Amino acid sequence: MLVNIPYYHAVGKEKEVFEHAYKNKIPFLLKGPTGTGKSRFVEYMAHQLDKKIITISCHEETSSTDLIGRFIIKGAETVWLDGPLTTAVKEGAIIYLDEIAEARPDVIVAIHSLTDHRRELFIDKLGETVKAHDDFMLVASFNPGYQRGFKELKPSTRQRFIAVSFEYPETKIETEILVKETNVDHDVAKKLVAIGNKIRNLTELGLTETVSTRLLVDAAKIIHSGLPKRLSVHVAIVEPLTDDLQTVEALKDLCDLMI
Ligand code: ADP
């Protein structure tokens, strides 16, 4: 049988740190901007450890009920339905709360007893406490963009995790990622990474988020599938970054010179 192994290129000691967090039953926090490989890394580690992974993309409406479970009407009966967190706690899966800081505050309250020595989940609607399966692991990510008005995580929550920062990989690794992910020419990959680095250094543009590895991968994909290079860079890198017309034009000119 063909098994699809998620491709992940390590940028530091994150694999070792994750393994030790798992072994010691300590929750794991991935910090960093969007598109830096956080989700890919968790998928990869789940595969390495042969664990099921349940991913929840948190947003401002995500509540503890969404995670823990709810009563639903089934025919003439009311039945209880476990939410994804309860399922992971019972089955011993890895739960990945992507962008945890975006969720409602009651989500943070709900996970507290799971993130310390108790490792238990209180299901308030049932009045029950569930002990976590030995293999259960809680993983969360967050984007520490506090200067840009993103939501913060309180120290009392952060200090329950082992935390690793994810940043844009160094040139050689990022080039390799583009080639591996998209089969694009090595030379084109190098140029795309150079564009990424150039724009990342233009801090005076005041972009909310700068060029992520994901944007570079997307550009490489459409170039590899045959779209002209300049157009690809415009639509995959420049346009998603900003709506400011002057900045868009300036970035397009810059990219045209570099691709
Ligand atoms: P995040 O969860 O940080 O927003 P993702 O994990 O979704 O980011 O990564 C976005 C894309 O970037 C992935 O689909 C993958 O193509 C690529 N990528 C980024 N970093 C890596 C890496 N270290 N190894 C392999 N692919 C990576």
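Just follow the structure's listing: the first ligand is 1, and inside any ligand the first atom is 1. Note that the structure is a prediction, hence the values are computed from the model and not measured. Heavy atoms only: backbone and side chains are in, while hydrogens, waters and symmetry mates are out.
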* Asked: Is any N or O atom of Thr213, backbone or side chain, closer than 3.5 Å to an N or O atom of ligand 1?
  -> no
* Where does Thr34 meet ligand 1, judged by heavy-atom distances below 4.0 Å: at the side chain, the backbone, both, or neither? -> both
* Quick one: look at Phe166 and ligand 1, take heavy-atom pairs under 4.0 Å, and tell me if it's side chain, backbone, both or neither. => neither
* Asked: Does the N or O separation between Gly37 and ligand 1 drop below 3.5 Å for any pair?
  -> yes
* Asked: Which atoms of ligand 1 have any heavy atom of Tyr7 under 4.0 Å away?
  -> 25 (C)
* Asked: Would Glu181 and Lys221 pass as an ion pair if we require N to O under 4.0 Å?
  -> no
* **Nearest protein heavy atom with distance in Å, relative to atom 14 (O) of ligand 1** => Arg40 NH2, 3.1 Å
* Under 4.0 Å, heavy atoms only, figure out whether ligand 1 is touched by the backbone of Thr36, its side chain, both or neither. => both
* To do: Answer with yes or no whether the side chains of His47 and Asn4 bring together a donor and an acceptor at under 3.5 Å.
  => no
* Asked: Could Glu60 and Arg104 be called an ion pair, given the rule that one side-chain N must be under 4.0 Å from one carboxylate O?
  -> no
* Tell me: protein heavy atom nearest atom 2 (O) of ligand 1, and distance? -> Ser39 OG, 2.6 Å
* Asked: So do Phe122 and Val109 actually touch side chain to side chain, heavy atoms under 4.5 Å?
  -> no
* Asked: Between Glu174 and Thr213, does any side-chain donor sit less than 3.5 Å from a side-chain acceptor?
  -> yes
* To do: Take Phe28 and Phe161 through the test ring pair (Phe, Tyr, Trp, His ring centres under 6.0 Å) and record every step on the way to the result.
  => CA-CA 5 Å; Phe28 191 95; Phe161 291 84; 8.9 Å; no
* Asked: Quick one: which of Lys38, Glu43, His9 has a heavy atom closest to atom 3 (O) of ligand 1?
  -> Lys38
* Asked: Measuring from Lys38:NZ to Tyr8:OH, what's the distance to the nearest 0.5 Å?
  -> 10.5 Å
* To do: Check if Gly35 has a non-hydrogen atom at a distance under 4.0 Å from any atom of ligand 1.
  => yes
* To do: Compare Glu181, Lys221, Arg214 and give the one whose heavy atom is closest to atom 10 (C) of ligand 1.
  => Arg214
* Structure fact -> Separation between CD (Glu14) and CZ (Phe41), nearest 0.5 Å, reads 5.0 Å
* Structure fact -> atom 27 (C) of ligand 1 sits nearest the protein heavy atom Ile177 CG2, 3.7 Å
